[in-house]
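Just below is one structure, and these are the notes that go with it.
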Amino acid sequence: FTKTFKLTQYVRPSELGLHSFYRQNRGDRVGMLYTCGGGFIDISHLRDNADWSAHIFYNINRWLGSGKEEETKNESGFKKRLVFFPKVSEEELAGLTVEDKEQISVSIGFSMALLHELGTVFNLQAASAFSVEDAYSNLLGQYLGIKAARGPLPFNAEMTEVLQSTLADLGAQDKRETQLAHKTVQNKWWKGSLFGRYKSVLKRDLTVEGNVVPFLVPVPFCKPAPVYLPIPGLLSNGRHVNDYYEIRAVLDDGVRENLNKLGANVGKSVSQKDFPQIVRAVRQKLVRSFGESVDKRD
């Protein structure tokens, strides 16, 4: 669904249904809902990212230190997308805790989600690229997928429970309140429009490092208490998550040319280490259209 006010699909937190890995059963509901602690949550993005992180975590012991590439599903904007796992000594691998592997899994999944947003910046999906709810929904999904993967129940059942309890903790609101929150920032964050166009989304979240801070709406039914989500960085051994994997994404020529025109200075292939300079370039494109406040929480 588009991220514009008139066509947004809202969903009740009480009617999300049973989670279905990779949407196999189609019984799980998706849509937008508002939470007091996490702002707008895109349940579709959350579910997809939860499945990603669970898949990664289930395979992380096999992949870490293998010296091999794992090819991923390709998307618009790229010729190929891979994850490379550099060789690591058995001694170092043995020293990684389960929590370290969780952090690496989340980092890989979040990096792939950022690639998705990057791939949409210069095509017809540009209206929703880096939208205000994307980063938070993506990263929250990554964490919940790991939590469900480690739970005692089968993944779908565990994910259903984890999602419900987390949304309750974040203060998830019903449809009416979500619509009111959305209307409060109409023409400030989004423009009401019949079709999703590039200039329909006025605010973007370009966070790639540190904490993902939710965009909160000043509404009477919520107290301002943002719940930050940390982007994985240092592990228990002092090494960085980036030391254990490398995104290898081969850009379409048009995407690469557009990024370099904006000062990104990237080659044919990019990794997660290129994200900061890529996002700075994307911000330049957005600032030209929406002004310096495009990523400010005001």
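One finds a salt bridge joining Glu292 and Arg283 here, because a Lys/Arg side-chain nitrogen approaches an Asp/Glu carboxylate oxygen to under 4.0 Å. With salt bridges taken as basic N to acidic carboxylate O contacts below 4.0 Å, one links Arg12 and Asp174. With salt bridges taken as basic N to acidic carboxylate O contacts below 4.0 Å, one links Asp205 and Arg297.
Here the side chain of Asp42 pairs no donor or acceptor atom with the backbone of Asp134 at under 3.5 angstrom. Under a 3.5 Å cut-off, the side chain of Lys188 and the backbone N or O of Leu202 do not form any donor-acceptor pair. Judged by distance alone, the side chain of Thr72 and the main-chain N or O of Arg81 form a donor-acceptor pair under 3.5 Å. A donor-acceptor contact shorter than 3.5 Å is absent between the side chain of Asn260 and the backbone of Glu257. Side-chain N or O atoms of Asp252 include none that pairs as donor or acceptor with a backbone N or O of Gly254 at under 3.5 Å.
The list of salt bridge (Lys or Arg N to Asp or Glu O under 4.0 Å) pairs with a residue in residues 146-171, not counting sequence neighbours, reads Glu99-Arg150, Glu102-Arg150. Among residues at least two apart or in separate chains, there is no disulfide bond (SG atoms under 2.5 Å apart) pair with a member in residues 121-183.
Residues Gly238 and Leu234 share a closest heavy-atom pair of O-CD2, 3.7 Å. The minimum heavy-atom distance linking Ser271 with Glu246 is given by the pair CB-CG, 3.9 Å.
Tested against His182 for a ring pair (Phe, Tyr, Trp, His ring centres under 6.0 Å), the candidates Trp190, Trp189, Phe215, Tyr34 yield a single pass: Trp190.
Using modelled atom types, one finds a donor on one side chain and an acceptor on the other under 3.5 Å when comparing Ser111 with Tyr245.
Applying the side-chain contact (heavy atoms from CB on, under 4.5 Å) test to Asp51 and every residue at least two apart in sequence or in another chain returns His19, Phe21, Phe155.
Atom NZ of Lys223 has 12 or fewer neighbouring heavy atoms from other residues, nucleotides or ligands inside a 6.0 Å radius.
Counting heavy atoms from C-beta outward, Phe275 and Leu115 have side chains that approach closer than 4.5 Å.
Transitive grouping of hydrophobic side chains (ILVMFWY, heavy atoms separated by less than 4.5 Å) keeps Val30 and Leu18 in distinct clusters.
The OH atom of Tyr136 sits 4.0 Å away from the CG atom of Leu229 when rounded to the nearest 0.5 Å.
Remark: Arg248 is positioned above the aromatic ring of Phe84, its terminal NZ or CZ atom under 6.0 angstrom from the ring centre and at most 45 degrees off the axis.
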| task | Decide yes or no on side chain to side chain donor-acceptor pair (under 3.5 Å) for Tyr244 and Gln103, but give the supporting numbers first. | result | CA-CA 11 Å; Tyr244 293 95; Gln103 292 291 296; over 6 Å; no
